[in-house]
Amino acid sequence: MGGKTMSNGDQPRVIVVGGSMGGLTAALVLRDLGLRVEVFERSPELLDGRGAGIVLQPDTVRWFREHGGVEAVEAVSTGSSTLRYIGADDEIVFEEPSTWRFTSWTKTYRALLQDFGTEHYHLNEHCAGLDQDADGVTLRFVSGRTESADLVVFADGISSTGRRRLLPEVVPQYSGYVGWRGTVPESAVSEQTHRLLNDSLAYAVAPHTHICMYPIPGKNGELAVGDRELNYVWYRNVSEGPELDELLTDKRGFPCPVSVHPGQVQDRFVDELRAAARELLPPSAAELVTRTEEPFIQPVLDIEVPQMAFGRVALMGDGAFAARPHAAAGTAKAAADAWALADALRATDGDVVTALAKWEPGRLELGRSLLARVREMGRQYQVDSTADPADRDLRFGLYGPDQ
């Protein structure tokens, strides 16, 4: 890799803004090309997924598969063999063989960070602004720090600073519903609930609502059946405006437009959640919700960008397109963006500007396609209540159902 893309050094310098899973994947695959990569994360502490579960798709685990084989994937995940829809009285209304692997956000993040290391991973650095010219990009941080690079990748999530600076007209669009999330130790649920959920990707559907449930590694990464946790997302319709604003106000009185963290949801809303679960959900699903000590809330948002490449700056993952979780493709899309960027840099011999121009069209196409799919899934589940368990279009997948 040569020419005008070079900094003072042997290889172009890359800064990744955002040290979550997408940012770490980008950092790892770009460092594998021989680039000099630094990661800047705004959190003052190492990140914690706060109980979130993740469905592992091929792009999500490609790094582990290519650098440790199947064993490396299995070391960060657990699995299930059945897709199952559960009726109002816990009867099985639909099931079919379906193999998926699941992980906890924290376990996979820590595994990626272990591979990248902490020497070039900088905490408590919040990027506030940027400038670029033909030769490079300059970033300004709240701390007063200034950094320059040949390539900057904003992988800083749904509240991306990069997107706000480069595309200030793009704002999140609320879907009309929120996701209540939580986990419960397998050992804490009844035998009936465990039987239904321990080896399945399970759904329960009621009018204008649905819940998705699956096993994930335990709090400390435990993978053995009986030591794991059962994870869920329960989607509930909430009107935009005062009702939503009140729900997303935490115990301190602060508005939380992206997530109300565990322990910060107002008690009255947790009480209402548990009562609604008993009324609306099958006993097994209701048991998960009512046994969750600290459920948390994420408003379900759509973000669509018209552009992802800006000279020497790239937006990727949720920093560009944010899609509803119905296809379980958010982390996979971020990883796919990173792998595609590495391919483009390799194909252009490290010419950053040319590589980003080559990279962008396919990423825009994928983001738009994914958004269209998950909006339709949300319509069927949450608006029209027409979701058919046998409909393959409702299946997980970044590139399409089961893909």
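If you're wondering where the values come from, they're calculated on a predicted model, not measured in any experiment.
- With sequence neighbours excluded, no residue satisfies ring pair (Phe, Tyr, Trp, His ring centres under 6.0 Å) with Trp180.
- Taking the centre of each ring, Tyr177 and His326 come in below the 6.0 Å mark.
- Side chains of Glu125 and Val142 form no contact here, defined as non-hydrogen atoms less than 4.5 Å apart.
- The ring pair (Phe, Tyr, Trp, His ring centres under 6.0 Å) search around Phe396 returns Trp100, not counting sequence neighbours.
- Considering every non-hydrogen atom in both Thr290 and Ala277, the closest pair reads CG2-CB, 4.4 Å.
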Identify each donor-acceptor pair in which a side-chain atom of residues 20-30 lies under 3.5 Å from a protein atom, sequence neighbours left out, and give them as a table.
residue: Thr25; atom: OG1; partner: Met21; partner atom: O; Å: 2.9

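- Annotation: Arg110, atom CZ; neighbour count of heavy atoms from other residues, nucleotides and ligands within 6.0 Å does not exceed 12.
- Of all non-hydrogen atoms in Arg165 and Leu130, the two that sit nearest each other are CB-CD2, 3.7 Å.
- Among residues two or more places apart in sequence or in another chain, the side chain to side chain contact (heavy atoms under 4.5 Å, CB included) test is passed with Val238 by Tyr174, Val178, Glu243, Leu244, Leu247.
- Glu304 and Arg375 are joined by a salt bridge, as a carboxylate oxygen and a charged side-chain nitrogen come within less than 4.0 angstrom of each other.
- Annotation for Leu370 and Gly397: closest pair CD1-O, 4.4 Å, computed over non-hydrogen atoms.
- Taking 4.0 Å as the cut-off between side-chain N and carboxylate O, Lys251 and Asp267 count as a salt-bridged pair.
- Of all non-hydrogen atoms in Arg373 and Leu398, the two that sit nearest each other are NH1-O, 3.8 Å.
- The ring-ring contact (aromatic ring centres under 6.0 Å, His included) analysis of residues 134-153, with sequence neighbours excluded, yields the pairs Phe40-Phe141.
- Ring centroid separation for the pair His261 and Phe296 does not come in under the 6.0 Å cut-off.
- Considering only residues two or more places apart in sequence or on other chains, Tyr232 meets the ring pair (Phe, Tyr, Trp, His ring centres under 6.0 Å) condition with none of them.
- For Arg31, there are no side chain to side chain donor-acceptor pair (under 3.5 Å) partners at least two apart in sequence or on another chain.
- Pairs engaging residues 280-297 under the salt bridge (Lys or Arg N to Asp or Glu O under 4.0 Å) rule: Glu287-Arg291 [sequence neighbours left out].
- Within a 6.0 Å sphere centred on CD of Glu96, other residues, nucleotides and ligands contribute more than 12 heavy atoms.
- Annotation: Glu91, atom CD; neighbour count of heavy atoms from other residues, nucleotides and ligands within 6.0 Å is above 12.
- Shown here are the salt bridge (Lys or Arg N to Asp or Glu O under 4.0 Å) partners of Asp391, two or more places apart in sequence or in another chain: there are none.
- The shortest distance between side-chain heavy atoms of Gln11 and Leu33 does not fall below 4.5 Å.
- Under the rule for a side chain to side chain donor-acceptor pair (under 3.5 Å), the partners of Asp337 that lie at least two apart in sequence or sit in another chain are Arg363.
- Using a 4.0 Å cut-off between charged nitrogen and carboxylate oxygen, Arg13 and Glu147 count as a salt-bridge pair.
- With hydrogens and angles left out, the side-chain atoms of His208 and Gln382 include no donor and acceptor closer than 3.5 Å.
- Salt-bridge formation is detected for the pair Asp131/Arg140: a Lys NZ or Arg NE/NH1/NH2 atom is positioned less than 4.0 Å from an Asp or Glu carboxylate oxygen.
- Residues satisfying the ring pair (Phe, Tyr, Trp, His ring centres under 6.0 Å) criterion with Phe321, sequence neighbours excluded, are absent altogether.
- Under the side chain to side chain donor-acceptor pair (under 3.5 Å) criterion, Thr209 pairs with Trp234, not counting sequence neighbours.
- Heavy-atom minimum distance, Arg392 versus Pro401: O-CB, 3.0 Å.
- A salt bridge is defined here as a Lys NZ or Arg NE, NH1 or NH2 lying under 4.0 Å from an Asp or Glu carboxylate O, and Asp271 with Arg268 fails to meet this definition.
- Contact record, Phe154 with Leu139: CZ-CD2, 4.1 Å, taken as the closest heavy-atom pair.
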